[in-house]
Amino acid sequence: MFRLVCVHCGAEYSQDEIIYRCKKCDHLLTVKYDLDSIGIDKKEMDKRPLRLWKYKELLPVTREPISLQEGGTPLYHLKALGEELGLKHLYAKHEGMNPSGSFKDRGMTVGVSMALQLGKRTVACASTGNTSASLSVYAAKAGIPAVVLLPAGKVALGKVAQALMHGARVIAIRGNFDKALEMVHELCVTDGIYLLNSVNPYRLEGQKTIGYEAVDQLGCVPDRFVLPVGNAGNISAVYKGLLEFKELGWTDSMPKMTAVQAEGAAPVVSAIKNNLDVLVPELNPETVATAIRIGAPVNAEKALTAIRKTNGHALSVTDDEILAMQRDLARKEGIGVEPASAASVAGIRKMAEQGLLDADEKIVCVVTGHLLKDPETVIKQCAPPTEIDATIDALRAVLR
Ligand code: F0G
């Protein structure tokens, strides 16, 4: 049993209403369950394998889900980087290990299943890349058409390749992500297409399972949860999920929710710093981490609550800091992530250097997408392969 509730005025809507914002005050909606009657205890749940659908009683889907076995991603102990930074319990949850290579698959297995549950037969999104790749994959699995809007020339190659290969209608607009989102939202409302950006509260339900899994993998609630922030849906989702675990009595604390943005696209960081309730959009967001090149995060309201209520942090990192951490994760930990994903760990490096962290803190950084998503940014940072004649002497000479 669940309903949709406005996070601002508390207005309630039934679960079959197709609605993305409160009709009374235009604020965001969230999914509220009757947690007293979910009908399973944690011990029973823990007998199931670790993956997203382990938590099905805390998800809104009642039909057979459209699934490609998402979730159950590795939680790596970052030993080398932790030692360097003086942190004993530094972890990375590698969301790049999901079916399409990013955490968006958690949102889309739930979101596309909900589209079908609600009788919708066409889905759409705007995207900096990963959302479009994931939606294309799940629409293909469901056998329904998908329309995706991208900011022209600003999406990493691997992501465009995925959207095209999985058969979505891919449209590149001459404008940025924020404009694309505004356009697709209007299209969906007027043309009856189902909108699967993170303004859709059901999509965030899938993404909250990152928090559930991390708690189950660690065996406790971490002291701090660190996420790269673009549209601010993921940090809001993880916070919501962990509050539910606490309300159920399955945990007894909350992590400090920590948002890391790229310096050229950091409106959430400014809002926290200046103590604002309504964020001032960044009109020309720019960063090498194109996944989080967003100036007007649609979920800001939820994210600000998550950060403030948990005594968390919001900080920005430069493109150079992001890329340096992308290389460090790759070379010191064997973890390949795209630039936006490295932002979370780059933020932790910055906080550690500023003396803001305790050596014993248990810290989970979400690394959100796979290295192969953005091969061009990788190639630009690395020396090209050394080409030689095909002889053993030439090989020995070059290795000497
Ligand atoms: N990391 C990656 C790799 C992303 O693709 C995104 C968002 C984020 C972090 C930020 O998450 O928006 O919930 O704060 N990508 C979206 C997209 C916007 O269209 O793929 P957020």
Side-chain angles (χ1 to χ4, degrees), residues 28 92-98 100-108 111 124-137 148-151 154-156 158-160 162-163 168 170 176-178 180-181 184 195-200 203-204 206-208 210 225-240 257-262 265-269 279 285 287-304 306-307 314 317 322 326 336-347 365-374 377:
L28 298 168
K93 184 136 175 80
H94 195 349
E95 287 296 296
M97 304 297 267
N98 276 297
S100 83
S102 86
F103 70 95
K104 304 289 181 177
D105 296 341
R106 296 181 187 268
M108 290 308 176
C125 71
S127 181
T128 57
N130 282 320
T131 299
S132 68
S134 184
L135 182 61
S136 310
V137 165
V148 308
L149 264 68
L150 308 175
K154 292 292 185 181
V155 175
K159 305 173 189 182
V160 183
Q162 288 178 294
V170 181
N176 65 22
F177 168 83
D178 302 297
L181 182 54
V184 78
L195 179 63
L196 275 170
N197 278 100
S198 56
V199 65
N200 182 320
R203 216 196 86 188
L204 294 185
Q207 290 175 208
K208 75 185 179 183
I210 297 174
F225 226 105
V226 192
L227 295 103
V229 167
N231 222 7
N234 214 25
I235 191 167
S236 310
V238 169
Y239 169 73
K240 183 207 188 242
M257 299 304 298
T258 302
V260 187
Q261 295 199 288
V268 172
V269 178
L279 119 185
T287 166
V288 69
T290 50
I292 51 173
R293 184 177 170 269
I294 294 177
V298 78
N299 289 293
E301 182 180 20
K302 290 181 177 176
L304 293 175
I307 297 161
V317 287
I322 288 173
Q326 184 189 26
V337 301
E338 66 167 289
S341 312
S344 55
V345 195
C365 297
V366 183
V367 295
T368 41
H370 201 278
L371 175 92
L372 294 172
K373 289 282 191 171
D374 188 354
T377 305

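Indexing begins at 1, ligand by ligand and atom by atom, following the structure's order. Nothing fancy with the numbering, it's 1 onward along the sequence. Just so it is clear, the values below take in all heavy atoms, side chains as well, and ignore hydrogens, waters and symmetry mates.
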Atom 15 (N) of ligand 1 [closest protein heavy-atom partner, distance rounded to 0.1 Å] = K104 NZ, 2.9 Å

Is a side-chain donor-acceptor pair under 3.5 Å present for S236 with N299?
-> no

Would you kindly say whether N234 and E95 are connected by a side-chain donor-acceptor distance under 3.5 Å?
-> no

At what distance, to the nearest 0.5 angstrom, does OG of S127 lie from NZ of K159?
-> 7.5 Å

In terms of atom number and element, which parts of ligand 1 are under 4.0 angstrom from non-hydrogen atoms of V229?
-> 14 (O)

Measure from the side-chain N and O atoms of S136 to the backbone N and O of A168, and report whether any donor-acceptor pair falls under 3.5 Å.
-> no

Of all protein heavy atoms, the one nearest atom 4 (C) of ligand 1 is A291 CB, 3.5 Å

Is I294 near ligand 1, meaning one of its heavy atoms is under 4.0 Å from it?
-> yes

Any N or O on N234 sitting closer than 3.5 Å to an N or O of ligand 1?
-> yes

Taken to the nearest 0.5 Å, the spacing of D374 CG from Q326 CD works out to 7.5 Å

With heavy atoms of G233 as the reference, note each atom of ligand 1 found under 4.0 Å away.
-> 13 (O), 14 (O), 21 (P)

Got the closest protein heavy atom to atom 12 (O) of ligand 1, with its distance?
-> N231 N, 2.7 Å

May I ask you to check if ligand 1 and S341 share an N or O to N or O distance below 3.5 Å?
-> no

Distance from atom 5 (O) of ligand 1 to nearest protein heavy atom, with residue and atom | N130 ND2, 2.8 Å

At a 4.0 Å cut-off, with the gap strictly under it, does some heavy atom of S198 reach an atom of ligand 1?
-> no

Has ligand 1 got any nitrogen or oxygen that is less than 3.5 angstrom from a nitrogen or oxygen of K159?
-> no

Taking C-beta and beyond as the side chain, do I292 and Q261 meet within less than 4.5 Å on heavy atoms?
-> no

Kindly identify the option in S102, A133, G230 whose heavy atom sits closest to atom 10 (C) of ligand 1.
-> G230

Please identify which atoms of ligand 1 are closer than 4.0 Å to at least one heavy atom of I292.
-> 8 (C), 9 (C), 10 (C)

What are the atoms of ligand 1, with element, lying closer than 4.0 Å to any heavy atom of F103?
-> 1 (N), 2 (C), 4 (C), 6 (C), 8 (C), 9 (C), 11 (O)

Proximal atoms of ligand 1 relative to S127 (non-hydrogen, under 4.0 Å) = 17 (C), 19 (O), 20 (O)

Among all protein heavy atoms, pick out the one at the shortest distance from atom 20 (O) of ligand 1; state its residue, atom name and that distance to 0.1 Å.
-> T131 N, 2.8 Å

Between A296 and D178, what is the shortest heavy-atom contact and its length?
-> N-OD1, 3.0 Å

Of all the non-hydrogen atoms in the protein, which one sits nearest to atom 1 (N) of ligand 1, and at what distance?
-> T368 OG1, 2.7 Å

Non-hydrogen atoms of I235 and A303 that approach each other most closely = CG2-CB, 3.7 Å

Where does E338 meet ligand 1, judged by heavy-atom distances below 4.0 Å: at the side chain, the backbone, both, or neither?
-> side chain

Which atom pair, heavy atoms only, marks the closest approach of P285 to R293?
-> O-NE, 3.4 Å

Donor-acceptor pair between K373 and N130 side chains, under 3.5 angstrom | yes

Please answer whether the main-chain N or O of T131 pairs with a side-chain N or O of S134 as donor and acceptor at a distance below 3.5 Å.
-> no

